[in-house]
Amino acid sequence: MTSANGNDFFKMGALVAVGELFDMGMLGSSDDQRTEVRHFIRSFGVDSIEDVEGLGITGPYLADFVKVFE
């Protein structure tokens, strides 16, 4: 991530929260839930794992999204 702005920090926080909830099974873990999670995060302009990485999300938080984008 080169230079983050307020919108990027908002996206990062929202994505980390959603990823954690998904990983904990609180949003479900079925393919249907993956689709719903992808639809939700796309509303933030995040369409791929590369977009997640581009926001600077790494480590276990990134691993949550690998599962979402499988």
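From a predicted model like this one, the values you see are computed outputs, not experimental measurements.
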- prompt: Taking only residues two or more places apart in sequence or in another chain, which ones pass side-chain contact (heavy atoms from CB on, under 4.5 Å) with E70?
  reply: R34
- line: Residue pairs meeting ring pair (Phe, Tyr, Trp, His ring centres under 6.0 Å), one or both in residues 49-70, sequence neighbours left out, come to none
query: Under a 4.5 Å cut-off applied to non-hydrogen side-chain atoms, are N7 and K11 in contact?
result: yes
Under the side-chain contact (heavy atoms from CB on, under 4.5 Å) test, residues paired with S48 that sit two or more places apart: E50, D51
field: L15 CG to L55 CG distance, which is reported to the nearest 0.5 Å
entry: 6.0 Å
query: So which heavy atom on V68 is nearest to which on R38, and how close?
result: O-NH1, 2.6 Å
field: Audit row: I49, L62, side-chain contact (heavy atoms from CB on, under 4.5 Å) steps and yes/no
entry: CA-CA 8 Å; I49 195 70; L62 182 62; 3.7 Å; yes
task: Apply the side-chain contact (heavy atoms from CB on, under 4.5 Å) test between D64 and each candidate in L21, D23, V16, V52; give the one that qualifies.
output: D23
